[in-house]
Every structure is written in structure tokens, then in C-alpha cells.
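The block underneath contains the structure these notes are about, expressed in C-alpha cells.
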Amino acid sequence: MPRYLSLIRIEENDTLAGGPSPELVQRMEKLMEEMTKAGVLLDTAGLTPTAQGTRVHYEGGQLSTTDGPFTESKEVIGGYALMQAKDKAEAIEWTKRFLKTHEEHWTVTCEVREIMEG
């Protein structure tokens, strides 16, 4: 079965200082448990804020690094879910269910992409 990566994009400056509410965390945990039992969820995690990140850039044969925060970034990758699904449509349906766990004040976008094998 093909594998899919759902990149979870958030507007980092718009997230609440305290992070997700306990209710949101509970809904996510319930969904992740269901996805794991269904054999779909292979791995998932959130990422630390961009202030703790470093970008490594390669151009013209030269490497450069830039420490965060990255003020020019409005939308950043806040986490990911690695899924194994029968097809892209199934991966998208699970992703929609994940998005629906969030309260209305969240702005979250997921990009679902198939992982190239071999």
C-alpha cells in the first residue's frame, strides 16, 4: 500500500500561547488511536517553533545557515502525519478528520503527498 505524508501547516504567529486546548489534544489522541488501530497511521509528531529551528540553504555551490525565528514565514510546518492508505482519497479523508478536530479559531492547512518508493 502506498504511503502518504500529510504536512501540517500552521500560521505560527496566530497560535495561542498556551498551545492546543486540552479538549483538542483529547480529540486528536482519540483520532490517532483510531488511525493506528486501522493500520493507517505510521508516525506523527508536532515540531518545535521556528525560533528553535535552523534553515540550511544550498545555492551556487555554497551552503549557508540561518537561525530562526523566520519572520518572513507566515505559514510554517507545525507537524506531520505519515500514513499508509489504500489510495490518496483515503489519506485525504483521514486528513480532513484531523483538521475537523480543531476549534474554529485555528487556521491549519495540510498538504497530502504520496511518498515516492524505490
Using the rule given for side chain to side chain contact (heavy atoms under 4.5 Å, CB included), can you reason through L99 versus C110, listing the C-alpha separation, both sets of side-chain angles and the distance that settles it, and then say yes or no? CA-CA 8 Å; L99 288 171; C110 288; 3.8 Å; yes

Give the C-alpha distance, both sets of side-chain angles, the deciding distance and a yes or no for side chain to side chain contact (heavy atoms under 4.5 Å, CB included) between L47 and I77. CA-CA 8 Å; L47 301 176; I77 298 173; 3.8 Å; yes

Intermediate values then yes/no, side chain to side chain contact (heavy atoms under 4.5 Å, CB included), E59 and H57: CA-CA 7 Å; E59 182 177 359; H57 181 74; 3.0 Å; yes

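Looking at heavy atoms from C-beta onward, M83 lies out of side-chain contact with L42 at the 4.5 angstrom threshold. Residues F98 and M35 fail the side-chain proximity criterion, which asks for heavy atoms closer than 4.5 Å. Contact annotation: the side chain of L24 approaches that of T101 to within less than 4.5 Å [non-hydrogen atoms, C-beta and beyond]. Under the 4.5 Å side-chain criterion, counting only non-hydrogen atoms from C-beta, T95 is not in contact with Y4. In this structure the side chain of T66 never reaches within 4.5 angstrom of the side chain of T54, judged on heavy atoms.
Partner of L82 under the side chain to side chain contact (heavy atoms under 4.5 Å, CB included) criterion, chosen from D43, T44, L41: D43.
Atom CD1 in I10 sits 12.5 Å away from atom CG in L7 (nearest 0.5 Å). Note that CG of D87 is 9.5 Å distant from CD of E114, once rounded to the nearest 0.5 Å. Summarising the geometry, atom CD1 belonging to I92 is positioned 15.0 Å from atom CZ belonging to R97; distances are rounded to the nearest 0.5 Å.
Using a 4.5 Å cut-off between side-chain heavy atoms of Ile, Leu, Val, Met, Phe, Trp and Tyr, with links allowed through other members, V40 and M28 fall into the same hydrophobic cluster. I8 and W106 fall within a single hydrophobic cluster, where Ile, Leu, Val, Met, Phe, Trp and Tyr are joined by side-chain heavy atoms under 4.5 Å apart, directly or via other members.
In summary, E93 and K88 do not engage in a salt bridge, as defined by a charged side-chain N under 4.0 Å from a carboxylate O. Look at R27 and E23 and you find no salt bridge, because none of the NZ, NE, NH1 or NH2 atoms lies under 4.0 Å from a carboxylate O.
The hydrophobic cluster analysis finds V25 isolated: no Ile, Leu, Val, Met, Phe, Trp or Tyr side chain comes under 4.5 Å of it, directly or through other members. Y58 belongs to a hydrophobic cluster whose remaining members, ordered by chain and number, are V56, L63; membership requires side-chain heavy atoms of ILVMFWY residues under 4.5 Å apart, directly or through intermediates.
Between the side chain of E90 and the backbone N or O of K86, at least one donor-acceptor pair lies under 3.5 Å.
E103 and S21 share a donor-acceptor pair across their side chains, judged by distance under 3.5 Å alone.
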